[in-house]
Amino acid sequence: MGSSPTAIPSGKCSRRRGRPDSWPLSGKTAARAGSPAQGTTAENWSGFCRSASERKPSMGLEEILRDRLGNVLDALTAEGRLTADALRSSRFSVEPPRRGGTGDLATNAALVLARATGQSPRELATSIARCLAEDPWVQSAEVAGPGFVNVALDRAAFFHVLSEILAAGRGYGRAPAATKSRINVEFVSANPTGPLLVSHGRGAILGDVVARLLEATGHRVTREYYINDFGNQVRLLADSVLAIAAGREPPEGGYGGGYVEELGAWFRAHRPDLLEPNRDEERRRQCVLLMLEGIDGSDLLGIRPMLRAVGIEFDVWSSEEALHRWGRVDRALRDLAARDRLRTAEDGAVYFVTGDEDDKDRVVKKSNGDYTYFASDIAYHEDKLGRGFERLLNLWGADHHGYVARLRSAIESFGGDANAFEVVLFQLVKLVRDGREVRMGKRLGNLITLQEVVEEIDEAVGNPHAGRDALRVFYLSRRADTSIVLDLDLAKRQEAENPVFYIQYGHARLASIQRRAAERFGIQTPRYTDALARYVTHPLELSIIADLGRYPAVLEDAAVGRDPHKLVFYLNGLAQSFQSYYSQTKKDRDTILPGDSDLVAGKAEQWNWDRTRGRLLWVDAIRTVYSSGLAILGLDAPERMVRPTAEDDGELGDADG
RNA sequence: GCGCCCGUAGCUCAGUUGGAUAGAGCGGCGGCCUUCUAAGCCGCGGGUCAGGGGUUCGAAUCCCUUCGGGCGUGCCA
């Protein structure tokens, strides 16, 4: 250990005084990456001290305070005020204070520990506050309410956070790549028998961002699309195409609609041979290919290009048909039979004999000899596990939730790790048009495609990513397990009311400040120095630094909970804080850069350019977090926003000059 | 019937591993553009956290129960 370890003070509060000039953290940091956000067990505090250079790379104010608090609690333990047992078994929070609370952070440590040791919460809180107040990194600490301790940290803590963000740059908040587990994220997997619908969009966007979050927090992610290209539905599609190409009605239960006609036309033009009755297999395969890839120059965009248009790429496209062709389904069933988990009914149907997970046996092979979807799903998950993933994450619509139990039971029965299997269920999307719910059905001919909605928003806003971004923000702003209502009329005309613009506007303003600094005043964002950072003193500036320090924990929390909406809410709050600061300082004539009117009448000479440089550091730090967050959500981070003007409404302005 | 999810402001939703006076957006009302972008900012109004009971210093959060909504409970995918 290079520097001297921070000794656990015995009996008294830490005696260090004065402003710290080097970072004195003991390294006994709080919540490690794998167990984010929530309280910390005291074990984190009781280890040996490490040198400061081993500290966690990104440390927010919370982690700093946890560290200081750890010293205090150790001291109180040494005094006999607390027991090691109580410390070990208790979890306490370090959070921004509730409304009305003072200071930068609050902790309920005294409330939690008092219970474990039978003391009065307020009395314990008073001791904690008194000790904390003597810590050089703490400006003040006071007891509030039933026993919370509100803490104001020294400026140095804020500057430390600022410098870490700037030092980390684009990597800030992210864990080192591919340092954690290998995760397979399977999502969308919509049948290739029709175009993607708006309802598929939720699973697509949710899965994509969960994958991005997992990558950002250090996991190795494979995005996978499972193509159900086997069985009845594909056969029906191919038969429908055959019928339509021959000018007949599609068969009972078959498919209709424009895209089937596009397929029919394609076959007539390019592969009429596949319309022969004995070419069923090849025709089926070709249909799937066209559904996935689309037909150039037609309205059939294709599933893969559509997903790409909303910013989603897959690493692996798995074929159910291939699993059958390779005998994997047979093999899986043989495995299950060998383990005595199959039984055959009198009519020939084969059942999977369930374990404790599910409440009844499920058919894997029908009495007519066909396999069920469940059978290939077992083989598919066996295959995924065989590829070495430590976790199989599946995003399913809530209407599939009945499959969770049976599949888990099956995985367990063939000896797989059932704990590796995880399903995120998302509730379905209810569509509303003209104030009424739209019941979609392929026979009703009212399928509302993802493409349609995205393109219409693009067109209405006049920006090629508007539809993608609007839909992303809409879907990502809600928890997966709440059902949501998509008002199509609203969605297609949400130019100004769309929350996506709010988030993007904040980024554009940051970019605009940097642009003005460079172009008008020739100032680039400087390198971080403590001297410049000391100009960052505005309360709103410091408060935003506290928010920025929270970003790594937000990512971790969102990733662990598979909750992209937490990142959306965080960014929205950051946007709000910055917009508020921007307006406030403008009103107070305390802006980062001189306005045009500041440049006249000798005012320019009085301008404090060092303060400007210091604040540009701060601006850059915000932008760093901002653009990182937008990237993880798959949203554009525009350099400037072109505000729609009144003339743009209604009339096509340019046409009339 | 059984299982899972949900019920929070007029509307759409956060907050749910128990903590301070339950929040945001939209909508409503009232202010703010000669200054770094007003797609913005500030303020006001708005609540039996579906109802009831319990657990405790403390419950929107945990337990029980009732009601309401969605989904599942297929030899469909």
Side-chain angles (χ1 to χ4, degrees), chain A residues 37-39 91 93 95 97-101 106 108 111-112 114-115 120-121 144-148 150 189-191 193 228 231-234 253 320 345 347-351 359-360 362-368 370-374 377 397-405 425 427-428 430 474 477-485 487 490 495-502 504-506 508-509 511-517 520-521 565-566 568-569 572-573 575-576 579-587 589 591-600 612 615 619 640-644:
Chain A
Q38 282 59 337
R91 288 165 182 275
S93 64
E95 294 169 337
R98 295 280 171 190
R99 216 162 70 145
N108 67 351
L111 286 164
V112 170
R115 176 193 287 241
S120 141
F148 293 96
N150 290 335
S189 299
N191 280 354
T193 53
N228 294 117
N232 245 334
Q233 300 306 315
V234 188
E320 180 187 11
D347 59 7
V350 181
Y351 287 77
D359 54 5
K360 61 181 185 185
R362 309 283 177 176
V363 173
V364 289
K365 196 174 190 177
K366 306 179 200 175
S367 53
N368 68 5
D370 288 350
Y371 293 107
T372 62
Y373 176 88
F374 180 40
D377 240 15
D399 52 339
H400 288 68
H401 86 245
Y403 279 79
V404 177
L425 294 171
Q427 295 295 318
L428 302 181
K430 205 176 285 181
F474 177 74
S477 296
R478 283 118 171 114
R479 272 186 304 148
D481 59 7
T482 54
S483 64
I484 55 182
V485 178
D487 185 325
L490 201 64
E495 293 108 284
E497 30 196 303
N498 194 318
V500 71
F501 295 115
Y502 185 80
Q504 292 180 327
Y505 190 50
R509 272 188 161 164
S512 156
I513 290 169
Q514 291 179 326
R515 192 166 53 238
R516 181 175 165 89
R520 186 69 195 264
F521 304 106
H565 78 272
K566 289 184 175 169
V568 176
F569 278 84
N572 209 61
Q576 221 163 63
Q579 302 280 32
S580 178
Y581 165 86
Y582 186 92
S583 304
Q584 184 64 46
T585 49
K586 188 171 188 170
K587 192 176 169 194
R589 304 198 172 197
T591 54
I592 296 169
L593 296 169
D596 288 340
S597 69
D598 291 318
L599 295 175
V600 296
T612 292
R615 285 177 167 184
V619 164
R640 62 182 86 218
M641 303 284 277
V642 180
R643 190 167 49 245

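Just so we're on the same page: letters track the sequence lines, and every chain starts at 1.
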Checklist entry - How would you label the contact of Ser367(A) with the nucleic acid (heavy atoms, under 4.0 Å): base, sugar-phosphate, or nothing? => result base
Checklist entry - Contact class for Ala106(A) vs. all strands (heavy atom < 4.0 Å): base, sugar-phosphate, or nothing? => result base
Is [X] close enough to [N] that one of its side-chain N or O atoms is under 4.0 Å from OP1 or OP2 there?
X	N	value
His400(A)	C4(B)	no
Lys366(A)	A77(B)	yes
Arg509(A)	A38(B)	yes
Gln576(A)	G25(B)	yes
Tyr502(A)	C41(B)	yes
Thr482(A)	A14(B)	yes

Checklist entry - Does Asn150(A) get its side chain close enough to the base of A20(B), under 3.5 Å, for a donor-acceptor pair? => result yes
Checklist entry - Looking at C76(B), does its base get a donor-acceptor pair with the side chain of Thr372(A) below 3.5 Å? => result no
Closest to the [X] side chain: [options]?
X	options	value
Asn572(A)	A24(B), U37(B), C76(B)	A24(B)
His401(A)	G15(B), C4(B), G40(B)	C4(B)
Ile513(A)	C6(B), C41(B), C36(B)	C36(B)
Lys586(A)	A38(B), G15(B), C41(B)	A38(B)
Ala508(A)	C36(B), U37(B), U16(B)	U37(B)

Interatomic distance, [X] [atom1] vs [N] [atom2] [rounded to whole Å]:
X	N	atom1	atom2	answer
Leu425(A)	U73(B)	CG	P	13 Å
Tyr403(A)	C71(B)	OH	P	17 Å
His565(A)	U16(B)	NE2	C1'	11 Å
Gln427(A)	C4(B)	CD	C1'	9 Å

Item to check | Whichever of Arg362(A) and Ser512(A) has its nearest RNA chain B nucleotide further upstream toward 5' | outcome: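 Taking each residue's closest nucleotide, the earlier one in sequence belongs to Ser512(A).
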Checklist entry - If you find the nucleotide of RNA chain B closest to Ser477(A) and the one closest to Arg516(A), which residue's nucleotide is nearer the 5' end? => result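 Checking each residue's closest nucleotide, the 5'-ward one belongs to Ser477(A).
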Next on the checklist: In terms of relative ring orientation, are Tyr403(A) and His400(A) parallel, tilted or perpendicular, with 30° and 60° separating the classes?
Outcome noted: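 Tilted: the ring planes of Tyr403(A) and His400(A) meet at 30° to 60°.
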Next on the checklist: Restricting to salt bridge (charged side-chain N to carboxylate O under 4.0 Å, His left out), what partner residues turn up for Arg479(A), sequence neighbours left out?
Outcome noted: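 Asp481(A).
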Checklist outcome for this item: Hits for salt bridge (charged side-chain N to carboxylate O under 4.0 Å, His left out) against Lys365(A), two or more places apart or cross-chain, chain-then-number order -> none
Checklist entry - For Tyr505(A) and U37(B), is the gap between ring centres under 5.5 Å while the planes differ by less than 30°? => result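 A stacking contact does not exist, since Tyr505(A) is not both close and nearly parallel to the base ring of U37(B).
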Next on the checklist: Can a donor-acceptor pair be found, under 3.5 Å and without considering hydrogens, that links the side chain of Arg516(A) to the backbone of Pro594(A)?
Outcome noted: yes
Checklist entry - Does C42(B) fall in syn (glycosidic angle within 90° of 0) or anti? => result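 Anti for C42(B); the angle lies over 90° from 0.
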Item to check | Base partner of C4(B), which must satisfy Watson-Crick or wobble distances under 3.5 Å | outcome: G70(B)
